[in-house]
Amino acid sequence: MSDAGRFDPALVAAGTAALDAMKADSPGLVLAVLISDDGFEVVRTPRMGEQDGRFASMASSVQALSEAVIHELQIGKGDAVIIQAASGVVIQQRVPGRSVVLSALFRTDESLGRCLVGVRNCTAALDAAISALPSGSSITL
Amino acid sequence: MFASGASEVRERPDTVGWRSVATAIHSMRQLPMPMLLTVVSSDCEPLWVDFSTGRYYWERPLTAMPEQPGGVTVYSQPIEAGNPPYPWVAWRAMDPLLWQIGRYAFGTDRATWMRPGDRYALQRWPNLTEIPHSTEEIRMIATLANGYLTAQELGLLTGADEPTAQRVLNMLSLMGAVKPAGGPLAPPAVVAKVQAEPQQAAAASTSNFGFFSRLRDKMGGR
Amino acid sequence: MAEHVILVVGPMGAGKTTAISALSDIDTIRTEAVNTERDVVDKATTTVALDYGEIELSPNEKIRLYGVPGQKRFDFMWSILKQRAVGMIVLVKNDAEDPVGDLVAFFDEFREIHERGGVVVGITHSDLAPRPTTYEYQQIVAERYPSALAPVFTVDPRSRDQLVVMLSVLAANVDSRAMFLAR
Ligand SMILES: Nc1nc2c(ncn2[C@@H]2O[C@H](COP(=O)(O)OP(=O)(O)O)[C@@H](O)[C@H]2O)c(=O)[nH]1
Ligand SMILES: [Mg+2]
C-alpha cells in the first residue's frame, strides 16, 4: 500500500526528486524509502517492489529504538543507523530536525563510505526542499 | 478478642436486614423475567435494584451503608424488558452493591442458599477496580478461578480461616460470580498436597502466592 | 535473576504508554513518533517500537513491562515481544468505533500468552463511554474463549492505584495457576 495520498503532494514531489537524484548518483542503491516517523511510506525509489508498507513500519521502529539507545547512553546527536548483512547494507538517517526518515538499501559492492555520503547528501537535499515548502514547518519534530 | 460482655453481643450481629435482602436478590436471580427490587428501611433512603440491566440506584454512597439497617421491607415487581425504570436517575453498576450486601448479610455464616461442603468455582471476575477489597480477597478469587473448592479448602490454599473464606464465597455467590459444581467432585490434587504438608498450609498465603505477595509488598495495597 | 515479562497491548490511544509510565520504577524508555493519523486517533504522538518500564520486586527479581505499538502495521514488534511474556494486560478504548472487535483481535493475536500465563483486560475511557460494560465484555470473552475466564476491569491508566489492582490480579492468577499445576 502506498500511503502517498495522506501526505502533502508537494512533499511527495520533493521526496521523489531527492530520491531519484540519489539513485542516479549511487549505482549500488537497491531501494530507498522516505518514511514518516510513525511508519508510513511517503515515497520510494524504484517506484515498485514491496507493497504492504511493512518495511516502512519496521524502519520507523528501528529508527525509534536507535534513538532510544542514543538517548540512554547519552552519546550526543544521532547520525546514521547501519544494518550490515551478507548481501546488503541498510542505512537510515533522519532528515535533520524533521519528522521524516530516509531508509536505503545498498548492494555490498558499494563501499560503506560512498553509501553514507549518498544518504547524507540526500537528507540534506530533502531538508532544503522541505524548508522551501509552505507545509515545511509542520514536518518538524 | 472481645474484652467486655457488651462486645460479645456484637460477635453475632443481627444481620437480618441485609440477610432478607440478600435472600430476595438470590431468588430473583433465578427468575427468567426482568425484575425491579425495592428495599425500604427505616434507616435509609429507598434502594432500587434493576436486574434487567444489572444496575442499582441509591441516594446514599456505599461507604455510608449501615451494617445493620433497621425495619427492612423488600418489594419486587416485574418490569418491561428493554424499558428500564426511572431513566432520569443516575443508575450505577450493581457489583459493588452486591459485594457489600454479601459482606454484611451473613457475617461469616454460610449464605442460606449454600450447603455445607458444596464446591464453587469462579465464573466471572468482579470489577475489582471499583470494589473495595483486600489482598486476601484477591488471593481467594484467583484461587477459585482455577478449581472447584469448598470454603474449607479455599481457606487452606490461601492461608485464610474458613469463616473468612465462607464470607468471600457468600459475596461472590450473591453477585452470581461463582457457580456450584454440577455434582460430587473430588478435591483438586493440590488440596491433598497442601494437607500433607501442614508446614506449607500455615504459610500458604506466601508460599503459594510468592510473586503476588512480593508485588503487593512493593506496590502497596491492603 | 528472576524476571516476569508482561506485555501491555491494545489499540492506539487506549492508554498503554500512560499505564507503563505510571507503573514503572525507572524512567520509561519510549519510542514516540509524530502521529500522522490524527483522523484515527487525535493525539500528537504514537508509539512505534515499544515502551519499556521496570518494577524491581527485589534485587534479583524484576517485572519487565513492554508496551507494544497498537497499530496492526507494527505486528512484527508484537511477534518479537510476545515470545518471553508470562502475562499481558489488554487495554481497550471504550469510546473507539468497535471496542469489542479490538478486544477480540488482540486476544486472538496474543492468545498464546493466555495459554502460558495470565491475562487481564482493562476497559479505558469508560468515563467517556460507559458501554459496553465489563459484564458485557466478560460474556463475550466467555463465549469465545470458554477456558479463559479473563478478568475484565474498568481502568483509568492515569490512576496508579487501579493499575496496581490489575497487575496484582495478573500476578495472583499466575501464582494460582502454578499452584494447581504443580505436582
Ligand atoms: N479521559 C480518559 N483519558 C484517558 C484514559 N486513558 C488514557 N487516557 C488518555 O488517552 C491518551 C492516550 O494515551 P496513550 O497512553 O498515549 O495511549 P497508547 O496509544 O495506548 O499508548 C492520553 O492522553 C491519556 O491521558 C481514560 O480512561 N479516560
Ligand atoms: Mg503508546
Side-chain angles (χ1 to χ4, degrees), chain B residues 53-55 90-95 121-147 149 157-158 175-177 179 188-194 200 204-222, chain C residues 2 4 6 22-23 25 55-58 61-63 86-87 117-124 126 130-131 133-139 141-142 146 148-156 159-183:
Chain B
T53 58
R55 299 171 311 163
W91 293 87
R92 287 177 279 173
M94 190 164 76
D95 270 10
L122 196 71
Q123 63 178 348
R124 74 178 174 88
W125 274 85
N127 186 7
L128 288 186
T129 52
E130 285 188 357
I131 295 177
H133 59 271
S134 64
T135 294
E136 190 175 48
E137 284 161 355
I138 299 183
R139 268 201 305 271
M140 286 194 252
I141 302 173
T143 302
L144 288 168
N146 287 291
L149 299 168
L157 295 186
T158 58
M175 297 167 93
K179 58 186 177 210
V190 60
V191 170
K193 197 182 139 226
V194 174
Q200 199 195 336
S205 66
T206 48
S207 65
N208 291 336
F209 288 91
F211 175 29
F212 172 71
S213 303
R214 291 186 297 277
L215 179 68
R216 296 297 274 186
D217 288 348
K218 161 83 192 204
M219 307 296 276
R222 293 151 303 134
Chain C
H4 313 271
I6 293 177
L23 284 170
D25 288 344
I55 301 171
E56 191 179 289
L57 298 182
S58 75
E61 184 179 17
K62 252 182 203 171
I63 295 178
V86 296
V119 175
V120 185
V121 178
I123 307 302
T124 69
S126 63
R131 303 235 358 237
T133 63
T134 53
Y135 187 67
E136 290 166 312
Y137 280 108
Q138 278 192 324
Q139 285 184 318
V141 172
L149 199 67
V152 180
F153 301 142
T154 47
V155 64
D156 188 326
S159 154
R160 184 177 179 278
D161 286 353
Q162 293 189 359
L163 294 166
V164 169
V165 171
M166 292 197 58
L167 202 55
S168 300
V169 167
L170 183 55
N173 254 335
V174 169
D175 282 343
S176 158
R177 206 173 149 130
M179 168 173 76
F180 276 83
L181 291 176
R183 40 190 64 242

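In what follows, chains carry the letters A, B, and so on, assigned in the order in which the sequence lines appear, proteins first and then strands, with residues in each chain numbered from 1. As the structure is a computational prediction, the values presented were derived from the model and not from experiment.
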Contact class of I141(B) relative to chain C, heavy atoms under 4.5 angstrom: neither

Which portion of T134(C) sits near chain B, non-hydrogen atoms under 4.5 angstrom: side chain

Interface moiety of V152(C) toward chain B, non-hydrogen atoms closer than 4.5 Å: backbone

Approximate separation, where rounding is to 0.5 Å, of E56(C) CD and K62(C) NZ: 6.5 Å

Chain B contacts, top residue of D161(C), L149(C), V165(C) (heavy-atom pairs, under 4.5 Å): L149(C)

Most contacts with chain C, counted as non-hydrogen pairs under 4.5 angstrom, among D217(B), T143(B), L122(B), V191(B): T143(B)

Pair F211(B)-V174(C), side chain to side chain contact (heavy atoms under 4.5 Å, CB included): steps then yes or no: CA-CA 8 Å; F211(B) 175 29; V174(C) 169; 4.3 Å; yes

Which atoms of L23(C) approach chain B - backbone, side chain, both or neither, heavy atom under 4.5 Å: both

Closest non-hydrogen atom pair between F212(B) and A172(C), with its separation: CD1-CB, 3.6 Å

Under 4.5 Å from any heavy atom of chain C - which part of A189(B): neither

Toward chain B, the part of A150(C) with a non-hydrogen atom under 4.5 Å: backbone

Which portion of F153(C) sits near chain B, non-hydrogen atoms under 4.5 angstrom: both

Residues I138(B), H133(B); criterion side chain to side chain contact (heavy atoms under 4.5 Å, CB included); working and verdict: CA-CA 7 Å; I138(B) 299 183; H133(B) 59 271; 3.5 Å; yes

Option in D156(C), T154(C), L57(C) with maximal non-hydrogen atom pairs under 4.5 Å from chain B: T154(C)

Heavy-atom pairs under 4.5 Å with chain C, option from T158(B), L215(B), D95(B) with the top count: L215(B)

Contact class of E61(C) relative to chain B, heavy atoms under 4.5 angstrom: side chain

Any donor-acceptor N/O pair, E136(C) side chain to R131(C) backbone, under 3.5 Å: no

Spatial distance of atom OG (S207(B)) from atom CE (M179(C)) [nearest 0.5 Å]: 9.0 Å

Atom pair CD/CD of Q123(B) and Q138(C) - distance to nearest 0.5 Å: 10.0 Å

Evaluation steps, side chain to side chain contact (heavy atoms under 4.5 Å, CB included), between K218(B) and I63(C): CA-CA 11 Å; K218(B) 161 83 192 204; I63(C) 295 178; over 6 Å; no

Best-contacting candidate, L167(C), T133(C), I123(C), V155(C), against chain B by heavy atom pairs under 4.5 angstrom: L167(C)

Structural part of Q162(C) lying under 4.5 Å from a heavy atom of chain B: both

Pair N173(C)-V119(C), side chain to side chain contact (heavy atoms under 4.5 Å, CB included): steps then yes or no: CA-CA 8 Å; N173(C) 254 335; V119(C) 175; over 6 Å; no

